[in-house]
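What follows is a set of notes on a single structure, which appears directly below.
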Protein chains: 2
Amino acid sequence: MVEIATIEGVGLMVRGASTEQAGASPRKDFPIAERPGYLLHKAGLVLVEDVEKALGSVGMRIRDFFVLAALAGGPELSQQDLSRLLNLDPTTVVTVIDEMERNGHVERRRNPADRRRYNLFLTASGREALATADRVATEVESAFFGGLSADERAALHTTLGVLMAGRWPAAVCSD
Amino acid sequence: MVEIATIEGVGLMVRGASTEQAGASPRKDFPIAERPGYLLHKAGLVLVEDVEKALGSVGMRIRDFFVLAALAGGPELSQQDLSRLLNLDPTTVVTVIDEMERNGHVERRRNPADRRRYNLFLTASGREALATADRVATEVESAFFGGLSADERAALHTTLGVLMAGRWPAAVCSD
DNA sequence: TATTGTTATACTCTATAACTATA
DNA sequence: TATAGTTATAGAGTATAACAATA
């Protein structure tokens, strides 16, 4: 059995457990792990795993967090708005909001100006859940980015902003 | 209808299409979009989407690319090795390798030292497919990171390396 | 005629359990 | 007794199509 090495120098290597089998020492490159794209992809996955795990301890999924956060802002969103903002299928939004309405976190209120739509309203309970999720997520983020200096964090934030500029869902809010 | 703004200053805002409805101008914060964690998560997703789309044009999925790349290196991996390296369920590996064997990209060869295992062998056709996928992925990466200077790219790469240090699957290669 | 939300349904993906052959 | 691979199956997640209400 062989342990995988941490990323160092040129990147990730799978290398032999030299302590156990001196002669064997199978070593294997996994070159795409050196790619910035693969690293970015993997870092996003690992972070989400961390957040999912932490939110699980308070009975929440990461998507619930996103939905609560989306509904916490200014004018109330419709389900279609939410669908576009979070890149969720409209039928998925039905299920998600159904559950949140059962939880008492969200209320559907008919939009008087367009009775086909609901305005999704975050209840006090929903705001509490959001505050909890926000605290949990902040803790995970702090740990995840803990190895970086303040300057490195700021630079990362700026860089990610550049990468994502203009790459958000096009239409989000109705009216 | 309202368009979403690109990330600027404090972060993402959904704001009114002021050209159409002067008075309405609904404005909505989506504060978690300012989080470095959310940006990282979203950037990873968008990049993967780009790669999936580009690889689709050559009849490949991104996971095929990862598998081909993993098998291209030194000593041949078993299905369990691949499972650990790419964080795939062993039963999923069966399906993936089945398909790749039908494609002629991979061959299962019994490991003589342990006849329970296969050594997964990448054929010439598999290497061609890998070369194609590598070229496609490189083009997408170039476009995705195109807005960054060489220094910014290097800094991002370093930072991602720090974040991922020690966060890879523990055991990967057998023997 | 188009859009919002809904339901039913199918499809994909993944995970679980049981089995075999090997160790 | 444990492990590698396989199969069958169940479950979650998501997407598709059709529908009712409203614009």
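Throughout, protein chains are lettered first and strands after them, A, B, ... in sequence-line order, and every chain is numbered starting at 1.
- In this entry the distance linking CD of A:Q79 with C1' of C:dT3 reads 13 Å, nearest Å.
- Rounded to an integer number of Å, the gap from CD of B:E107 to P of D:dG5 is 16 Å.
- Contact annotation: B:R61 side-chain N/O to C:dC13 OP1/OP2 distance is under 4.0 Å.
- Residues A:E141 and B:Y38 fail the side-chain proximity criterion, which asks for heavy atoms closer than 4.5 Å.
- For the OP1/OP2 pair of C:dT6 and a distance below 4.0 Å, the side-chain nitrogens and oxygens of A:R108 include at least one atom meeting the criterion.
- Separating the CD atom of B:E49 from the P atom of D:dT14 is a distance of 13 Å, rounded to the nearest angstrom.
- Using a 4.0 Å heavy-atom cutoff across all strands shown, A:T91 reaches at least one base atom of the nucleic acid.
- Each of C:dT4, D:dT3, C:dT14 was ranked by its minimum atom distance to the side chain of A:Q80; first place goes to C:dT4.
- When each of B:M60, B:R63, B:R61 is tested with B:E52 by the rule side chain to side chain contact (heavy atoms under 4.5 Å, CB included), just one qualifies, namely B:R61.
- Other residues, nucleotides and ligands contribute over 12 non-hydrogen atoms within 6.0 Å of the CZ atom of B:R110.
- Separating the CD1 atom of B:I97 from the P atom of D:dT7 is a distance of 14 Å, rounded to the nearest angstrom.
- Place B:V94 and A:R63 on DNA chain D by their nearest nucleotides, and B:V94 ends up nearer the 5' end.
- Rounded to a whole Å, the CG atom of A:D89 is 19 Å from the P atom of D:dA12.
- In the hydrophobic clustering of this structure, A:V162 groups with B:L40; members are Ile, Leu, Val, Met, Phe, Trp, Tyr whose side-chain heavy atoms approach within less than 4.5 Å, directly or through other members.
- Using a 4.5 Å heavy-atom threshold, the side chains of A:V58 and A:L55 count as touching.
- Positionally, the nearest nucleotide of DNA chain C for A:V93 lies more toward the 5' end than for the other of B:L88 and A:V93.
- The interatomic distance linking A:E101 (CD) with C:dG5 (P) rounds to 12 Å, in whole Å.
- Rounded to an integer number of Å, the gap from CG of B:D64 to P of C:dC13 is 11 Å.
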Interface polar pairs with nucleotides 21-23 of chain D, N/O, under 3.5 angstrom:
residue: D:dA23; atom: OP1; partner: A:R115; partner atom: N; Å: 2.9

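- Taking atom CZ of residue B:R117 and atom P of nucleotide C:dA23, one finds them 11 Å apart after rounding to whole Å.
- Aromatic ring centroids of A:H157 and A:F145 lie 6.0 Å or more apart.
- B:T138 places a side-chain N or O within donor-acceptor distance of the main-chain N or O of B:D134, the cut-off being under 3.5 Å.
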